[in-house]
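First up is the structure itself, then whatever we jot down about it.
Chain naming here is simple, since letters A, B, ... match the order of the sequence lines and numbering starts at 1 in each.
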Amino acid sequence: MGSRLTIAPPEDYVLARDVCSYGYFVLAPNYWDVANQRLQRALALKTGGASCVIDQPGGKSGALRARFDRTLTRDEQREARAQITRMLRLDEDRASVRAFHRVDPRWKRSGRARLFRSPTLFEDVIKTVTSCNVAWPSTVNMNKRLCQTLGAKCENAHAFPTAAKMARTRPGTLRGRCRVGYRDVRMVELARLFVKGEIDEAWLGDPATDDEQVFRFLVTLPGIGPYAASNIMQLLGRYSRVALDTESVRHGRTVLGMTGTDAQIMKKVAAHFEPFGEHKFRSYWFELWRFYEQKAGASHTWEREETASAFTASNF
DNA sequence: GGTAGACCTGGACGC
DNA sequence: GCGTCCAGGTCTACC
């Protein structure tokens, strides 16, 4: 039998709601088990991969339980706990949630505030690159192939590739086997920057670091433009920018009733969310998410394999 | 500072 | 089944 961890979440934490809150929860190696309302995935620990299943047996606000496919050492347990804390945003405490709900009370009743992310910043950055300039099914496919090709093998699954592994991979392998296209060189360069310590997560996450400084740094990275940088910022817990893309234009037209050219609508969407200040990404995102749920049902019922075909622009 | 075109993949469409 | 077109964000060259 493998190790078990019990993790006390913030008192308002609801696993199904807070995992199924951002598209990455359906990207490999994440797997949301709809029937059992639990999250399965492999974690890439320093010592190798470890599969885990995370659930909340007591229901809303209850303790989280993480069960592993093997016995973890003390250090591995500490690392796994840190990765799960990051992924589930357990460090987004009640005060932060209240601050958001004060600015945008529309989400107070549902409690929406936390956005699912990855166990590591590296995975978040690479996932963001795989979401640029492609339709959603390609993003799903790239992540699946990256895990199968480069991820550490666990009992029944593959972890997400580590920066060290990707840094050693030939761009041609990424292109040929993972179908990442022209992103190949950029992804390897990003991985090398992580390995060399040139992407300083402590600095990026430090509240003393200004959002503008973070944005200016991120757009210097290979494959990262204004959209990707804004998205990475929300993944860092910095919600002061709306990540504007074609979805923003669609949202502006179909939900907010805006008219004009794409460029004009982008500006209007940015202006529309300006009053939400430091929380504007969350206000924007949960509007989008509500629209998706109206079309596809509650997000905790979405099957991973079906979202690849369901979430295309032509369906929305 | 603004803009045009290339980059690659996969879905949609026409034949 | 095959060929063509198109969407998607970033990057470079050019004005």
Side-chain angles (χ1 to χ4, degrees), chain A residues 22-24 26-28 118 122-150 161 166 169-194 198-199 212 214-236 241-255 258 260-270 273 281 284-285 288 291-292 295-296 303-316:
Chain A
Y22 191 66
Y24 290 3
V26 292
L27 294 181
S118 303
F122 174 70
E123 183 177 331
D124 272 340
V125 169
I126 296 298
K127 276 186 158 59
T128 298
V129 171
T130 67
S131 73
C132 289
N133 202 28
V134 282
W136 183 248
S138 292
T139 303
V140 171
N141 197 29
M142 280 186 243
N143 279 277
K144 191 192 298 178
R145 286 169 178 263
L146 283 169
C147 295
Q148 287 171 348
T149 309
L150 303 177
M166 196 176 286
T169 304
R170 290 204 321 271
T173 303
L174 287 178
R175 182 179 294 226
R177 295 179 64 190
C178 307
R179 314 296 291 165
V180 303
Y182 65 87
R183 298 164 195 79
D184 56 356
V185 172
R186 296 170 193 179
M187 288 165 80
V188 172
E189 285 176 357
L190 281 167
R192 288 179 179 160
L193 289 171
F194 270 94
E198 291 181 21
I199 296 176
E212 188 59 30
V214 171
F215 182 79
R216 282 207 303 266
F217 169 75
L218 291 174
V219 292
T220 66
L221 298 176
I224 308 298
Y227 162 78
S230 301
N231 194 57
I232 292 167
M233 285 181 69
Q234 70 87 2
L235 292 163
L236 284 162
R241 284 175 178 269
V242 176
L244 293 166
D245 62 358
T246 52
E247 266 302 278
S248 319
V249 175
R250 183 204 53 71
H251 186 71
R253 279 212 175 89
T254 62
V255 177
M258 293 170 176
T261 64
D262 286 3
Q264 288 168 334
I265 289 178
M266 285 253 193
K267 284 185 181 166
K268 288 179 183 178
V269 170
F273 288 98
F281 182 86
Y284 162 75
W285 183 257
L288 274 189
F291 175 78
Y292 297 152
K295 296 283 179 184
E303 298 281 0
R304 181 169 77 178
E305 303 312 320
E306 288 169 17
T307 62
S309 53
F311 283 69
T312 59
S314 58
N315 287 339
F316 288 153

Please enumerate all protein N or O atoms sitting under 3.5 Å from an N or O of nucleotides 1-4 of chain B, with distances to 0.1 Å.
none

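- To the nearest angstrom, C1' of C/dT10 lies 13 Å from CE of A/Met266.
- For the pair A/Leu218 CG and C/dT10 C1', the interatomic distance rounds to 15 Å; values are reported in whole Å.
- The nearest whole Å value for the distance from the CG atom in A/Asp184 to the C1' atom in C/dT10 is 14 Å.
- Side-chain proximity of A/Asp245 to C/dG8, B/dG10, C/dG9: nearest is C/dG9.
- Separating the CZ atom in A/Arg183 from the OG atom in A/Ser131 is a distance of 9.0 Å, to the nearest 0.5 Å.
- Within the model, atoms CG of A/Leu218 and CD1 of A/Ile224 stand 7.5 Å from one another, a figure rounded to the nearest 0.5 Å.
- Atom CG of residue A/Leu174 and atom OG1 of residue A/Thr169 lie 5.5 Å apart, to the nearest 0.5 angstrom.
- Formation of a donor-acceptor pair under 3.5 Å by the A/Thr254 side chain with backbone atoms of A/Arg250 is found in this model.
- Distance A/Leu244 CG to C/dG8 C1': 15 Å, rounded to the nearest Å.
- Residue A/Arg175 places its side chain closer to B/dT9 than to any other of B/dT9, C/dG9, B/dG11.
- The heavy-atom pair separating A/Asp262 from A/Val249 by the smallest distance is OD1-CG1, 3.6 Å.
- Atom CE of A/Met142 is separated from atom P of C/dG9 by 12 Å (rounded to the nearest Å).
- Checking B/dG10, B/dC7, C/dG8 against the side-chain heavy atoms of A/Thr246 singles out C/dG8 as nearest.
- In this structure, the CE atom of A/Met187 is 13 Å from the C1' atom of B/dC8, given to the nearest Å.
- Remark: side-chain polar atoms of A/Asp245 are paired, donor with acceptor, to backbone N or O of A/Ser248 under 3.5 angstrom.
- Figure legend: A/Arg241 and A/Phe215 shown as a cation-pi pair, the cationic atom lying under 6.0 angstrom from the six-membered ring centre and within 45 degrees of its axis.
- The minimum heavy-atom distance between A/Thr130 and A/Met142, with the atom names listed, is O-CE, 3.6 Å.
- Within the model, atoms CZ of A/Phe217 and CD of A/Glu212 stand 14.5 Å from one another, a figure rounded to the nearest 0.5 Å.
- Defining each end axis of the helix from B/dG1-C/dC15 to B/dC15-C/dG1 as the rotation carrying four pairs' C1' atoms onto the next four, with five pairs an end, the two axes are found to diverge by 40° to 10 degrees.
- Within a heavy-atom distance below 4.0 Å of DNA chain C, the residues of residues 227-235 of chain A found are A/Tyr227, A/Ala228.
- Listed for the A/Asp124 side chain is a donor-acceptor partner under 3.5 Å among the backbone atoms of A/Ser118.
- Comparing A/Asn133 and A/Asn141 against DNA chain B, the residue whose closest nucleotide sits nearer the 5' end is A/Asn133.
- The side chain of A/Tyr182 lies closest to B/dC7 when the candidates are B/dG10, B/dC7, C/dG8.
- When the salt bridge (charged side-chain N to carboxylate O under 4.0 Å, His left out) test is applied to A/Arg177, no partner is found at least two apart in sequence or on another chain.
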Between the protein and nucleotides 11-15 of chain C, which nitrogen or oxygen pairs are less than 3.5 angstrom apart?
residue	atom	partner	partner atom	Å
C/dC11	OP1	A/Gly223	N	2.4
C/dC11	OP1	A/Ile224	N	3.4
C/dC11	OP2	A/Ile224	O	3.2

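- Residue pairs meeting the side chain to side chain donor-acceptor pair (under 3.5 Å) criterion with at least one partner in residues 222-231 of chain A, sequence neighbours excluded, are A/Tyr22-A/Asn231, A/Tyr24-A/Asn231, A/Thr128-A/Asn231, A/Asn231-A/Gln234.
- Checking the phosphate oxygens (OP1, OP2) of B/dC7, no side-chain nitrogen or oxygen of A/Arg183 falls inside 4.0 Å.
- A straight line from NZ of A/Lys144 to C1' of B/dT9 spans 15 Å, rounded to a whole angstrom.
- Checking each of A/Ile126, A/Thr173, A/Leu190 against A/Met166 for a side chain to side chain contact (heavy atoms under 4.5 Å, CB included) leaves exactly one that passes, namely A/Ile126.
- Using a distance-only test at 3.5 Å, with no hydrogens or angles considered, no donor-acceptor pair links the side chain of A/Arg253 to the main chain of A/Ile265.
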